[in-house]
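Report on the following structure.
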Amino acid sequence: MTTPGPCPAFSSEGPLYMSRYSASEIESKWQAAWEKASIFKAGRDTSKPKYYVLEMFPYPSGRIHMGHVRNYTMGDVIARYKLATGHNVLHPMGWDAFGMPAENAAMERGGHPKDWTYGNIADMRGQMKPLGLSIDWSREFATCDPEYYGQQQSMFIDFMEKGLVYRKNATVNWDPVDMTVLANEQVIDGKGWRSGAPVERRELTQWFFKISDFAEELLDSLDGLDDWPDKVKTMQRNWIGKSRGLQFSFDAVQDGIDPIEVYTTRPDTLMGASFVGISADHPLAKKLAETNPDIAAFRADCQKGGTTEEALEKAEKLGFDTGLTVRHPLNPEWTLPVWIANFILMDYGTGAIFACPAHDQRDLDFCRKYDLPVIDTFFALDDATPVGAEAFVPPKEQSVKWVNHFAGLDVATGQEAIDATIDFAEKAGWGRGVTNFRLRDWGLSRQRYWGCPIPVVHCEACGVMPERKENLPVRLPDDVSFDKPGNPLDRHPTWRDVPCPACGKPAKRETDTMDTFVDSSWYYARFTAPDAETPTSLPDADYWMNVDQYIGGIEHAILHLLYSRFFARAMQICGHLPEKSKEPFNALFTQGMVTHEIYMTRDGNGRPVYHLPEEVTDGKLADGTEVEIIPSAKMSKSKKNVVDPVNIIEAYGADTARWFVLSDSPPERDVEWTASGAEAAHKHLSRVWRLAAELDAAEATGPGDDDLRRAMHKTIHDVTMGIESFGFNAAIAKLYAFTNTIAKAKAGAGARREALSALAQLMAPMTPHLAEELWQMLGGEGLVTAAPWPKADPAMLVEDTVTLPIQINGKRRSEIAVAKDLAKEEVEKLVLADDAVVKALNGGAPKKLIVVPGRIVNVVV
RNA sequence: GCCCGCGUGGUGGAAUGGUAGACACAGGGGACUUAAAAUCCCUAGGCCGGAAGGCCGUGCGAGUUCGAGUCUCGCCGCGGGCACCA
């Protein structure tokens, strides 16, 4: 926290010395009171149900932004609500502290990534604490703490022992000028971000986690995640990409060439095969390149550009005819050419395919380009037009008419044909049904300094050996420089030199560090025992796990969440988590992002230059230059469309910022920051404060007491439901309405005090400081944070009469007031007597009369 | 290119298949004030109409239904992810 100043809570004048709502005084006072009472410190307590709420921890960029405020306020609402409903709550905070920006800062501004990172953490902690989050700060850690990454290294060694880690070659983005590996984000339009040189793909030996071993399990278990959003589960299902297909081989016509093994999910279209395609990285392509300079040149062509799937998919489809031919498995007389194609991935299936251009658009485009044959294998039932410019790709469930299908099909769906073909090939003995996954193993090697060192040693005699656990953590050396590109660990004079953990002879450390996704794949488990001498402490993990509510950005829907699910399983296998924690997150909520307009000008070369919102007034910079306004997008440092919450907190207080980020948009949707919204939130909070401050005790009772109580119970019910279902904006709308009701009520002071006390309690999860102040002003006992959540009296929620709208032919024309439980027949009588209905019927009888009890009536004439 | 979302007044948004626009912002009008700020009250989707009322209206086009913002299909636009940004 920033210096809290003298604490008004203990001033002799009490809370009413203020004549208006003063957030800064209130907020520091109650933060001190919470700290004094230690009410957010979590400990095991079996007398209460536990509740673990976790928001995705932040990257310490140095400044918090509105996205953080929104994310952590949502988690805080849940945490405080659960505390009030009698739970033992764990709500921790930490830092995802390794990663590229620290190294970039070191390169750009000098200094050390460690100093930059810990400095940022201190700054951000200082910006976060004034938000008044109910966090147990005693559990805080950063992933770059040796105490954390040492435990991660220990687990890496455990994973090695269980066969969950291996090495293989994989492609990286290579900058041929800087002679360094580039991250995908450092490849801009196929060029290195610093050198500007065209990027190449290059193979390196890298470390991998065997996540593919868990593909089926990770897929099947999604079905049990009832409190995860469907969209996330769908994305993960598609990412894992289970498919059933046929694997078989084409024998080469030429001597000395091995059969080409292909995998296809559409074996039913084998009679439409046009050519056999192999990846540029296929062993056969490599072998041919050794003697054929044209093929070598073509392969080199294929290495151009970045490694992302997007880059590969969008690249122009290129092919090279090897001159080799293969025999069709169903007709040895039929030979097909073998092409090398840049769109075939070595990582998927066997790295070789057969192309059926009639029923695959990409194959068709390729065949038209290189003048290869197109053979229809099936037609629509009512249209036998041969394929022209567009491939015929009906859904697999649609029946089609087959042309001379070898398995004897005439009219059948694609799926039926696939199944029949696999069956046919297996019986005939030339192919086998194979289940494949799109999911690839997790490559975790990074050729960078600021990450967790991979704890292995390369020994000439013993090979690749894990470091001894007693030598952990393998610490990052501090004496490194970032004056040239590449990994400083690689060029460190002594750090690499270590004795082999097995034979003791001189050996070399691994210089790759781990992907930062590794760090974030188990932090949730570490929070249950952040100081343990082992990665976790089982009694603590057993008590606190699983995370009951996980909250974070939709941008993590696939990678982070999938990796975490894998890690939980691997940790469980190694004894670091209990069996029940295979799925570590019981419920997931994906919040929308905070967006903002982007302000851009261009430099002399026409390159974009971005500007922070505070540099822009009325569409102009301070020097009068007009900025180009680009529509709202995810806040990002590189685009500079970032809003600083610190200014908002200084101007209005944390409660206003919290109230605003919850009120203005549904939590799962993006929210655009607006200055006027914050102003309005602050006005409202001032109004609530005034209602409490002006409470006049003169009239103890009044004529409207009962109505106010009804409104109170209705609001308690609605707000409780709203919080439980993440409908924070709707809950806040109810609180606005209730405040209006109180302000206008004719009720006496007793009922008003009761209503305002309930209002304070209901607002407490969202605006905890103001709620404490109100609670104290109204004479509440102790802290409102510790007070039990109010309960709505069901008897006060029932309404005895309802207004039934009457529709005529689906359009609202009239309404009647009836007793809530009035019999359907009675309602019908009243409806038929209604003026508008009588007029519409014009003496006739209705065609249909629909009565939805308590909701609506529809008369069809 | 592929996968997943989203699209409602001037603005943010509300709405178990059942009165579209709750609640709020900006706007308009008024009260209080010497004046302003603050506060309070009224008003408010569009079009026609003095009013009563009517017609249109949830990105576009079809469909299912007594009834569609909500469900289905096809488009358009925007956003997220695409395995080395975190």
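Every chain is numbered from 1, with letters handed out A, B, ... down the list of sequences.
- The distance from atom OH of A:Y736 to atom P of B:G12 is 17 Å, rounded to the nearest whole Å.
- Taking atom CH2 of residue A:W689 and atom P of nucleotide B:A38, one finds them 18 Å apart after rounding to whole Å.
- Less than 4.0 Å separates RNA chain B from at least one heavy atom of each of the following residues of residues 808-817 of chain A: A:K811, A:R812, A:R813.
- Counting only heavy atoms from C-beta on, A:R669 has its side chain closest to B:C6 among B:G1, B:C42, B:C6.
- Listed nucleotides: B:A86, B:C4, B:U19. Nearest to the side chain of A:I856: B:U19.
- For A:R855, the side-chain atoms get nearest to B:U16 when compared with the rest of B:A83, B:G5, B:U16.
- To the nearest 0.5 Å, atoms CD1 (A:I816) and CG (A:D835) are separated by 12.0 Å.
- Going from atom CG of A:L218 over to atom P of B:A83 covers 19 Å, rounded to whole Å.
- The residue A:A680 sits close only to the backbone: its heavy atoms come under 4.0 Å of sugar-phosphate atoms, none of a base.
- Annotated as anti: B:G53, whose O4'-C1'-N torsion sits more than 90° from 0.
- Ring planes of A:H68 and A:Y72: parallel class, angle under 30° (limits at 30 and 60°).
- Here the P atom of nucleotide B:C40 and the NZ atom of A:K744 are 10 Å apart, to the nearest Å.
- Of the candidate nucleotides B:A83, B:A24, B:G13, B:A24 has the atom lying nearest to any side-chain atom of A:N740.
- Residues A:N184 and A:E310 fail the side-chain proximity criterion, which asks for heavy atoms closer than 4.5 Å.
- Between the side chains of A:D175 and A:T180, no donor N or O sits under 3.5 Å from an acceptor N or O.
- Salt-bridge formation is detected for the pair A:K233/A:D230: a Lys NZ or Arg NE/NH1/NH2 atom is positioned less than 4.0 Å from an Asp or Glu carboxylate oxygen.
- Using a 4.0 Å heavy-atom criterion, one finds that A:W442 contacts no nucleic acid atom at all.
- Ion pairing between a basic and an acidic side chain is recognised when a charged N comes within 4.0 Å of a carboxylate O; A:R438 and A:E309 show such pairing.
- Taking atom CG on A:D515 and atom C1' on B:A83, their separation rounds to 9 Å, with Å as the unit.
- For A:K848, counting side-chain heavy atoms from C-beta on, the closest listed nucleotide (B:A83, B:C84, B:C66) is B:C66.
- At a threshold of 4.0 angstrom between heavy atoms, the contacts of A:V859 with the nucleic acid are absent.
- With hydrogens and angles left out, the side chain of A:Q447 and the base of B:C84 share a donor-acceptor pair within 3.5 Å.
- Contacts of A:R687 with the nucleic acid, taken as non-hydrogen atoms under 4.0 Å apart, involve only primed sugar atoms and P, OP1 or OP2.
- No contact: A:E694 has no heavy atom under 4.0 Å from any strand.
- Both A:N858 and A:P666 lie close to RNA chain B; mapped to their nearest nucleotides by heavy-atom distance, the more 5′-ward contact belongs to A:P666.
- The nucleotide whose nearest atom lies closest to any side-chain atom of A:K683 is, among B:A24, B:U19, B:U39, B:U39.
- Taken from OH in A:Y550 to CH2 in A:W228, the straight-line distance is 9.0 Å, to the nearest 0.5 Å.
- Between A:Y348 atom OH and B:G1 atom P there is a gap of 21 Å when expressed in whole angstrom units.
- Taking only side-chain atoms of A:T516, from C-beta outward, the nucleotide of B:A86, B:G1, B:A83 with the closest atom is B:A86.
- In the set B:A86, B:C85, B:G18, the nucleotide with an atom closest to the side chain of A:N184 is B:C85.
- Counting any heavy atom pair closer than 4.0 Å across all strands shown, A:V181 reaches a base atom.
- Look at CD on A:E390: it is 15 Å from C1' on B:G1, rounded to the nearest Å.
- If you measure from atom CG of A:L735 to atom P of B:A22, you get 18 Å, rounded to the nearest angstrom.
- The base of B:C2 lies outside donor-acceptor range of the side chain of A:E313, with no N or O pair under 3.5 Å.
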